[in-house]
Amino acid sequence: MSVAHIEIKSTGVYVPEKVLTNIELEKMVDTSDEWITSRTGISTRRIAVDGEATSDLAYKAGLVALEKAGMTPDELELIIVATITPDMFFPSTGCIVQDKLGAKNAVAMDINAACSGYIFSLAIGSRFLETGTYKNALIIGAEKLSCITDWKDRNTCVLFGDGAGAAIITPSNGEGKLLAFDLGSDGSYGDLLYLPGGGSRNPASKETVENRLHYIKMDGNPVFKIAVNKMMATFKKSLKAAGLKPDDISVLITHQANLRIIEALRSFLKLPKEKVFVNIEKYGNTSAASIGIALHEACEKKIIKRGDIIGLAAFGGGLTWGSAIIQY
Ligand code: UT7
């Protein structure tokens with residue numbers, strides 16, 4: 001069976017209850033609420049409790065998406081979890097979520113595209129559906145970034161938060177369509193944003209712990225500049241592939257990394273503020289989860305309605321980037 005169109009049938013979200021404010025961060029590192037707000041747009045972020053893992057967040061977001069789709073877990077055929085904070089090296093967080101859901105008939109996997117993970121999952125899941133291999137997919141971007149955040153490094157610790165955003169995608173019977181997507185990566189920029197410790201290059205040891213190698217390292221300024229350029233370029237490509245102009249976009253949702261990056265993209269596309277959904281002030285940068293969380297919130301608030309043209313754009317470690325145009 002070959003299927004022409006793929007729609008987002010439902011969305012789901014879960015964010016931990018614990019809120020960490022900029023004022024609390026002022027007591028932890030040499031920073032200020034004023035610096036964080038003016039340089040990033042972030043006011044608070046959510047932090048998972050000890051013992052709560054990425055799969056717990058992903059599972060809860062997945063349950064919401066399933067309920068909203070009116071589906072039971074045993075109907076699921078494909079589960080893709082995008083994360084850079086898996087519960088463990090293996091089994092995949094996707095398999096752990098499959099077990100928690102009791103989705104016995106699904107095949108489950110993880111993908112690692114850092115903050116671009118949600119768009120990568122959407123693209124990969126859609127291709128499986130278009131070829132008729134599977135009839136539905138649960139895609140989840142989920143992160144517990146707090147466990148790889150160096151709480152002594154003011155350059156990074158003010159940025160990140162925990163959470164999960166999910167979506168069920170299915171072949172479309174109505175107006176919902178994935179109109180276009182574009183993915184990209186450039187591994188030569190890998191050392192601008194990475195986590196050096198714990199893998200086969202630097203296996204966990206007393207030294208890797210002492211040298212703080214199990215935390216995110218980021219050279220923020222160059223990442224910022226490349227993020228703006230690559231997100232603009234990828235979004236232009238998706239617009240062209242969809243045969244649309246920036247003006248045709250009803251709502252733009254980008255990865256929530258920095259309000260100034262989002263603003264740069266908005267001004268490049270000459271979109272009015274009301275067409276760009278932003279929630280970075282509440283959750284900070286949740287990597288692969290951020291677009292899924294924002295999409296769910298925008299749908300729940302009826303900012304996005306069925307038939308609207310939605311633009312998605314992301315950028316992250318790898319370096320990776322991606323964009324998608326969806327008729328919702
Ligand atoms: O999600 C994946 C992709 N990630 C991103 O897209 C992140 C992209 N990068 C950024 O968002 C920004 O580069 C940051 C928010 C990380 C930093 O903003 P910036 O405007 O690029 O600042 P900067 O790194 O150039 O630093 C400016 C100053 C420095 O002080 P000096 O050297 O000028 O004296 C930093 O030490 O700000 C200082 N600084 C801080 N000051 C107070 C850096 N972090 C802090 C802080 N509080 N938390």
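Ligands are counted one by one from 1 in listed order, and the atoms in each one are counted from 1 as well.
A salt bridge is defined here as a Lys NZ or Arg NE, NH1 or NH2 lying under 4.0 Å from an Asp or Glu carboxylate O, and Glu297 with Lys282 meets this definition.
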Quick one: table the atom pairs, ligand 1 N or O against protein N or O, below 3.5 Å, distance rounded to 0.1 Å.
residue	atom	partner	partner atom	Å
ligand 1	1 (O)	His255	NE2	2.9
ligand 1	1 (O)	Asn285	ND2	2.6
ligand 1	9 (N)	Gly220	O	3.0
ligand 1	11 (O)	Asn258	ND2	2.7
ligand 1	13 (O)	Gly220	O	3.0
ligand 1	18 (O)	Arg260	NH2	3.4
ligand 1	20 (O)	Arg39	NE	3.4
ligand 1	20 (O)	Arg39	NH2	2.6
ligand 1	20 (O)	Arg260	NH2	2.9
ligand 1	21 (O)	Asn221	ND2	2.8
ligand 1	25 (O)	Asn221	ND2	3.2
ligand 1	36 (O)	Arg154	NH2	2.9
ligand 1	37 (O)	Trp35	NE1	3.3
ligand 1	41 (N)	Trp35	NE1	3.4
ligand 1	41 (N)	Arg154	NH1	3.4
ligand 1	47 (N)	Thr31	OG1	2.7
ligand 1	48 (N)	Thr31	OG1	3.1
ligand 1	48 (N)	Arg154	O	2.9

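Checking Asn285, Val15, Leu20, Ile280 one by one against Arg45, the side-chain contact (heavy atoms from CB on, under 4.5 Å) holds for a single residue, Leu20. Shown are Asn136, Asn105, Val107; of these, the side-chain contact (heavy atoms from CB on, under 4.5 Å) with Leu76 is made only by Asn136.
Contacts of Ile124 classified as side chain to side chain contact (heavy atoms under 4.5 Å, CB included), with partners at least two apart in sequence or in another chain: Ile80, Ile111, Phe128. For Ala108, the side chain to side chain contact (heavy atoms under 4.5 Å, CB included) partners are Ile79, Cys95, Gln98, not counting sequence neighbours.
Judged as a side-chain hydrogen bond (donor to acceptor under 3.5 Å, both in side chains), the pairs with a partner in residues 219-234 (not counting sequence neighbours) are, in order, Asp182-Thr234, Asn221-Lys225, Thr234-Ser323.
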